[in-house]
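Below: one structure, written as structure tokens.
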Amino acid sequence: MNIRIVLPLAALLALAGCNRPAPPSPEKPPEPQASALRDAMQQPLDKANAARESLEQAPDTRAADEAEGKAPR
């Protein structure tokens, strides 16, 4: 066969197999796909918030220790 005929026919066959993706159902909302990324970003923020809260409580415990008569460390 002639290559001028074979290449365009092969391209047409490849393109014929391609279809548009099915549109999403309007009744069912799409599932979130970025939840893993969001969780990975939120985890260090949660750790930082917990550390900040413990640091904010630290002066309160020191004042309570001094009121009880314990020596500061």
Side-chain angles (χ1 to χ4, degrees):
M1 285 194 155
N2 196 354
I3 197 160
R4 291 183 191 173
I5 297 172
V6 173
L7 286 178
L9 285 177
L12 284 175
L13 284 175
L15 289 176
C18 298
N19 291 330
R20 286 187 178 179
S25 174
E27 296 176 6
K28 182 181 174 186
E31 295 181 17
Q33 297 179 356
S35 63
L37 177 62
R38 181 179 57 238
D39 293 342
M41 291 174 60
Q42 190 63 35
Q43 187 179 12
L45 294 174
D46 291 339
K47 285 183 181 180
N49 286 335
R52 184 186 70 205
E53 289 175 4
S54 66
L55 288 175
E56 288 175 352
Q57 293 175 357
D60 297 337
T61 58
R62 189 179 314 139
D65 289 344
E66 290 174 0
E68 292 177 3
K70 294 181 182 177
R73 293 181 184 167

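Only heavy atoms go into these numbers, but all of them, side chains included; no hydrogens, no water, no symmetry mates. Predicted, not measured: the structure shown is a model, and the values here were computed from it.
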Exercise. When rounded to the nearest 0.5 angstrom, what distance separates CD1 in I5 from CD1 in I3?
Worked result: 11.0 Å
Exercise. Can you list the residues that meet the side-chain contact (heavy atoms from CB on, under 4.5 Å) rule with R38, with sequence neighbours excluded?
Worked result: S35
Seminar exercise, completed: By side-chain contact (heavy atoms from CB on, under 4.5 Å), Q42 pairs with (sequence neighbours left out) L45, D46
For this session: Among residues two or more places apart or on two chains, list those pairs meeting salt bridge (charged side-chain N to carboxylate O under 4.0 Å, His left out) that have a residue in residues 6-28.
Result: none
For this session: Give me the other members of the hydrophobic cluster that M41 sits in, counting Ile, Leu, Val, Met, Phe, Trp and Tyr linked by side-chain heavy atoms under 4.5 Å, directly or via other members.
Result: L37
